[in-house]
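First up is the structure itself, then whatever we jot down about it.
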Amino acid sequence: MSSMSSLPDTASENEPPVPGGRPGWPMTLAILAVCLAVVASGWWVAQVVFKEPATARPDPEDAAAFVLDAADRMDLADSYALSFTRLLDGTAVGEGAAAYEVSGNPRFELSFAYTDGPEVYHYDLGDGVPITTAGHGLLIPEEPSEADRYLCSAEFGSAKLHEIAGTSTDLGLTAREELDTEEGGRNALRHEGTFTARVGGYDAEEGANTLESVAGAAFTLWLSPDGHPLRLAYGTPDGLEEVYEYAAP
């Protein structure tokens, strides 16, 4: 995924773009577009910066508590970045990337490019209003759905960790090993089990975000010894797979 430095063109298909590539929106939307365009060029290389909770870190042998602690610490991070790939029956159907920066503008952004479909962007400007753009459409719901809140919020970064900690009944620490990452070899704690995965998407025909829960998803999660997420791979019984890569802290 390439980094985003401006809001995608959301002009209607019959409306020619104004010179310079800016969409011809009413003034309020033009102001919104300017806000969204102010994205730091280095957002993709943002690092996960953890703030220490008041409580001590759980023992890694207590797998559920250790994963939940990792999720909570990520919720307290000043910034994070991750990327992920989605496959169906072994074939890639899209890839995405997300970044959060507590002082950023926008504060949170998530993009997902479908192999055979639109590239969808989700934003949170810091005011809690979920914003989605896809192709030539702009979605700012008056009453955000659960899918809107899931995809347009900084909590997206820790969502899978919370889902594992909250729904897995067979979660366990299965190995201590070295994991190859883009930053080099990392000492890692491998956790495995099954959980109920929440899978977000976009319905192009309806012009709406979607969210479904899929039970029985088998996962492998690698955390660093100090509780930072490194990689997550999971697959559902109906052939959906996702692989998440988390930027090094």
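The residues of the chain are indexed from 1 along the displayed sequence.
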Original post:
Under the side chain to side chain donor-acceptor pair (under 3.5 Å) test, which residues partner Glu178, sequence neighbours left out?
Top reply: none

State, yes or no, whether a side-chain contact exists between [X] and [Y] at a heavy-atom distance under 4.5 Å.
X: Leu151; Y: Pro130; value: no
X: Leu110; Y: Phe84; value: yes
X: Arg176; Y: Asn187; value: no
X: Phe219; Y: Ser168; value: yes
X: Leu221; Y: Leu161; value: yes
X: Asn209; Y: Leu211; value: no

Are [Y] and [X] connected in a single hydrophobic cluster, I mean Ile/Leu/Val/Met/Phe/Trp/Tyr linked by side-chain heavy atoms less than 4.5 Å apart?
X: Leu240; Y: Tyr114; result: yes
X: Leu189; Y: Val243; result: no
X: Leu173; Y: Leu171; result: yes
X: Val214; Y: Phe156; result: yes
X: Val102; Y: Met74; result: yes

Original post:
Looking only at atom types and distance, does a side-chain atom of Ser145 sit under 3.5 Å from a main-chain N or O of Asp148, one as donor and one as acceptor?
Top reply: yes

Determine the minimum heavy-atom distance between [X] and [Y], stating which atoms define it.
X: Phe108; Y: Ala98; result: CE1-CB, 4.1 Å
X: Asp72; Y: His162; result: OD1-CE1, 3.3 Å
X: Ala159; Y: Tyr150; result: CB-OH, 3.6 Å
X: Thr132; Y: His122; result: OG1-ND1, 3.1 Å
X: Gly90; Y: Glu241; result: N-OE2, 3.8 Å
X: Asp127; Y: Val129; result: OD1-N, 3.0 Å

Out of curiosity, [X] [atom1] to [Y] [atom2], how far, rounded to the nearest 0.5 Å?
X: Arg86; Y: Thr91; atom1: CZ; atom2: OG1; answer: 14.5 Å
X: Leu82; Y: Leu232; atom1: CG; atom2: CG; answer: 10.0 Å
X: Leu223; Y: Arg73; atom1: CG; atom2: CZ; answer: 11.5 Å
X: Asp124; Y: Ile131; atom1: CG; atom2: CD1; answer: 8.0 Å
X: Cys152; Y: Tyr121; atom1: SG; atom2: OH; answer: 14.0 Å
X: Tyr234; Y: Glu242; atom1: OH; atom2: CD; answer: 3.5 Å

**OP:** Over 60° means perpendicular and under 30° means parallel, so classify the ring planes of Tyr244 and Tyr246, tilted if in between.
**Re:** parallel

Subject >> Qualifying salt bridge (Lys or Arg N to Asp or Glu O under 4.0 Å) pairs with a residue from residues 149-159, counting only residues at least two apart or across chains >> reply: none

Original post:
Going by the salt bridge (Lys or Arg N to Asp or Glu O under 4.0 Å) test, which pairs reach into residues 221-236, not counting sequence neighbours?
Top reply: Arg231-Glu245

**OP:** Please assess Glu212 against Thr210 for the test side chain to side chain contact (heavy atoms under 4.5 Å, CB included), listing each intermediate value before the final yes or no.
**Re:** CA-CA 7 Å; Glu212 63 175 325; Thr210 63; over 6 Å; no

Subject >> ring pair (Phe, Tyr, Trp, His ring centres under 6.0 Å) partners for Phe66, two or more places apart >> reply: none

**OP:** Give me the one residue out of Ile140, Leu138, Leu139 that meets side-chain contact (heavy atoms from CB on, under 4.5 Å) with Thr133.
**Re:** Leu138

Original post:
Using a distance-only test with no angle check, is there a side-chain donor-acceptor pair under 3.5 angstrom linking Thr194 and Asp170?
Top reply: yes

**OP:** Could you pull out all residues at least two apart from Leu230 that satisfy side chain to side chain contact (heavy atoms under 4.5 Å, CB included)?
**Re:** Leu179, Arg186, Ala188, Trp222, Ser224

Show me, pair by pair, the donor-acceptor contacts under 3.5 angstrom made by side chains of residues 195-206, not counting sequence neighbours?
residue	atom	partner	partner atom	Å
Arg198	NH2	Glu146	OE2	2.1
Asp203	OD1	Glu205	N	3.0
Asp203	OD1	Glu206	N	3.0

